[in-house]
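Values below: all heavy atoms of this structure, side chains included; hydrogens, waters and symmetry mates excluded.
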Amino acid sequence: MDLDAVAEWSRYVVVVAVLVYLAAWLAFCAEGGLRSRIRRSGEAAATDRSAELVGVGGSSTTAPVSGPGGVDAPDTDAELGPRADRLGRDGRVLFGLATLVLAVGVVMRGVGTGRTPWANMYEFSITGALVASIVFLVLARTVVGKVVAVWAVLLIFVTVGLAATFLYVPPGPLQPALQSYWLVIHVGCAVLAFGLFTVSAVVSALQIASERAADRGRTTGFGASLPDSAALDRLAYRLTAIAFPIWTFGPLILGAIWAEVSWGRYWGWDPKEVWALITWLAYAAYLHARATAGWKGSKASVVALVGYATVLFSYFGVNILFNGLHSYGGL
Amino acid sequence: MTTRMDTRPPVDDRPPPLHGLELARWAWRQLTSMRVALILLFLLAVAAIPGSVIPQSDVNPLNVRDFRARNPTLSEWYDRLGLFDVYSAPWFAAIYLALLVSLVGCILPRCWQHWKAVRAQPPKAPRRLSRLPAYRRIEVDAAPAEVLAVARAELRSRRFRLRRPGADGDDDAVAAEIGHLRETGNLLFHLSVVVVLLAVALGGLFSYRATVLVPEGSGFSNQVIQFDSLSAGALFDPADDLPPFSMDVESFTMEFVDAGNQIGQPSHYEATVSLVREPGAEPETHTIRVNEPLDIDGTSVHIINPGYAPAFTVRAADRETILAEGPVPFLPDDSSFTSTGVVKVEVPPELGDDIGIQANFLPTAYLDENGPRSVFPGARNPEVYLTAWHGDLGLDDGRPQSVYRLDTDDMEQYSADGEPFRSRLAVGDTVELPDGRFITFDGYVTWVNLQIGRNSGRELALVGAVLAVVGLMGSLYVRRRRAWVRASVGPEGRTVVEVAGLHRTEGAAGDRLADEIGAITDGLLLRLGGAKEKRED
């Protein structure tokens, strides 16, 4: 099989990965559905029991107060719990499998084109999704990470799906400006930071939902099913603390060095440069917000989400809307 | 009057008026507060956005010209607000200068505080260690003094800084602290950012960037009059700052993807140049590629963009007298290098009037119902489609003219059979103009637009940026924390050892501190166990 064919086939492998991500997401959703059913019936049982106690305490009625739910719920719970566990396990296995298939697709693309697979938007998207996927897999071993995984899988499914359809660029050689080892490190760091920021943004969004649910004293529903908002806040911060120096080093500093080599100036207010700086400023604001009294928790998370919006714009917006020096997207 | 005066509330109840000094102090506190820094960061981010949306004259002047032509009224307003030069606009400068002042005003006092904190002793153990967030209590047989000695060794091996023993009566405990590097890193980061900004600002004063378009086979010397464009900082001195080299482009080759779905994409540009470093020096041969500029004593020469220069020979009616010859750079209009340009032929009066040729050069010509165009950027089937004018080119009247456009005010287009004169030439073809003179399309050479420039201060900016990342990592990954070990004789005669820890870093996870305190306790036990065995020996 020649290399071009390997690169062509990688697209089908990536599409398979998309389908496995979808399967993993469905498994997680089914698990989530079961868990909320268990929670509801648990509460219903608790209410029934307290009603029963009131009834007994009052002793005015002789008929025992016991609805059908009150009797059935414990049996169903005993059955539902393991089923939910099984589904969750299946979901994680599928998630792992999807990540593996995606990794194979990315590697095939790299081998087939004979370069690092992040030279256009399609390649950047699938590699960035792979980074995010691996980070989520590592996180999924923790309690907090398990909850996050559901949303992660959906996000990755959408990203890779978009990449394989709208952003797809057939394999081909690089234009002269991209033929440099700087592509490996500069864009490599951008992919890495992009993946980490994505994970962090998901966690920040969940943090806001969790804090709101806690503030309103909700015990059921989506927000209540989430881990403690302080734990989510810390996780989001740690991920950003890893991604931010990478963003400083790769896109900004190495970008400046490459720009000096390739274009003869290290900073020239190209739209991509401007937006990389805006992203940097937004996340700098997030880090400062977390160090400021009165800005912790969901306020800081909102700043983090604004930061992520600028990441998305630096990537999609600048490539699609502006015609600058970084017009390598292949669209 | 007096009664009314008496009804006024006592003067003391009013808020004291703000004197100039107090107002200034208040303003300074506000400016250097984290909240204002946060706002300024956001403001700077928002202020940078228009520069990516609206064309900028120092990034892409051609786009600005187009924009002005299309939106004259809007452009007036943009000019008033400096929106074509956002990054050198006063309001943009105001934001980043305010941020810079806020940063320096915040960091310098913190440097002083940090200096004092680093020199200070770790604080002595609180009375009740059990109230601290991380706490372990064990009982051992070793004497308290021995436990404390071992605790010192254990904490020192974990790189904690220890409080001098017996400082002020706290003989029963060891106090230790670690993680001053966090604040050191934080300060280093912020100071480095200032260094980067200064390097960029000061370097810009001495930097310059020029472009010169060179057809294959010709050259230029590094002088201002030879440049097509020059932008330089305020303190750039053309007499001293330009290295006195000259350069000939011996060949410039372009390669394109010639098959597959990316057909026509450029794949390789390479210029072979002969460089004379100073007048009289030996010529050296160098190659310049897109990512491999040529460095000449701190000045670098880059390939910016390429094109074709078709070569023509224009002869007088006698077929012998050459009126003009040689390659003329044409500007590419599209990615297939369909190029347009003009040839201005000044003719001595005895041989007729001036000739102006307006032509399209098509490296791979293709003709269909949509007209002639180039379908591939490589020169596979080079052809020229031209029309010509005659009259007065207006080159002598002193007005500056574009070399890529004909001023046809005093010229008349040639016509043949009542139609404007047009001709299609392949390499080597000659066409006779209606007035009997001749144009020959001899072939073509490539041209390359070279950028010559120096970025002063780039080394300093790089050092600052790298230090900033190092400091940033210190400030993000180092945790500042304190640990105490107290040993006292318990009620049962055994020694009670309490180990406790406290985080000084906000938002840090408690479980890691608990783990560390656990590890210190285990290390203590291990060392004590070893000591006991020795004693038993």
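The NE2 atom of H288(A) lies 13.0 Å from the CD1 atom of I39(B); values are rounded to the nearest 0.5 Å. Here L476(B) contributes atom CG and L287(A) contributes atom CG; the two are 6.0 Å apart, rounded to the nearest 0.5 Å. To the nearest 0.5 Å, the span separating CZ on R265(A) from CZ on R209(B) amounts to 6.5 Å. Residue F244(A) holds its CZ atom at 5.5 Å from CG of L472(B), rounded to the nearest 0.5 Å. Note that the OG atom of S180(A) and the CZ atom of R289(B) stand 12.5 Å from one another [nearest 0.5 Å]. Interatomic distance, L38(B) CG to K299(A) NZ, rounded to the nearest 0.5 Å: 10.0 Å.
In summary, the side chains of W267(A) and N455(B) do not present any donor paired with an acceptor at a separation below 3.5 Å, with no hydrogens or angles considered.
Of all the listed residues (P293(B), G453(B), G51(B), S267(B)), the one sharing the greatest number of non-hydrogen pairs under 4.5 Å with chain A is S267(B). Between chain A and the options E292(B), R458(B), Q451(B), heavy-atom pairs under 4.5 Å are most frequent for R458(B). Considering only heavy-atom pairs separated by less than 4.5 Å from chain A, the leading option among V469(B), I49(B), L40(B) is I49(B).
Within residues 305-314 of chain A, the residues having any heavy atom less than 4.5 Å from a heavy atom of chain B are, in residue-number order, V306(A). Residues of residues 269-281 of chain A lying within less than 4.5 angstrom of chain B, judged on heavy atoms, are W269(A), P271(A), V274(A), W275(A), I278(A), W280(A), L281(A) in numerical order.
For I257(A), the part lying under 4.5 angstrom from a heavy atom of chain B is the side chain only. Looking at L321(A), there are no atoms closer than 4.5 Å to chain B (heavy atoms on both sides), in backbone or side chain. Residue contact with chain A, scored on non-hydrogen atoms closer than 4.5 Å, involves the side chain of Q265(B) exclusively. For chain A, no part of V46(B) is nearby; none of its heavy atoms comes within less than 4.5 Å. Both the backbone and the side chain of Y269(B) come within less than 4.5 Å of a heavy atom of chain A.
Listed here is the closest heavy atom pair of M473(B) and P245(A): CG-CB, 4.0 Å. A pairwise comparison of heavy atoms in I242(A) and Y477(B) identifies CA-OH, 3.4 Å as the closest pair.
The shortest distance between side-chain heavy atoms of W263(A) and I304(B) does not fall below 4.5 Å. The shortest side-chain heavy-atom distance between Y266(A) and V200(B) falls under the 4.5 Å cut-off.
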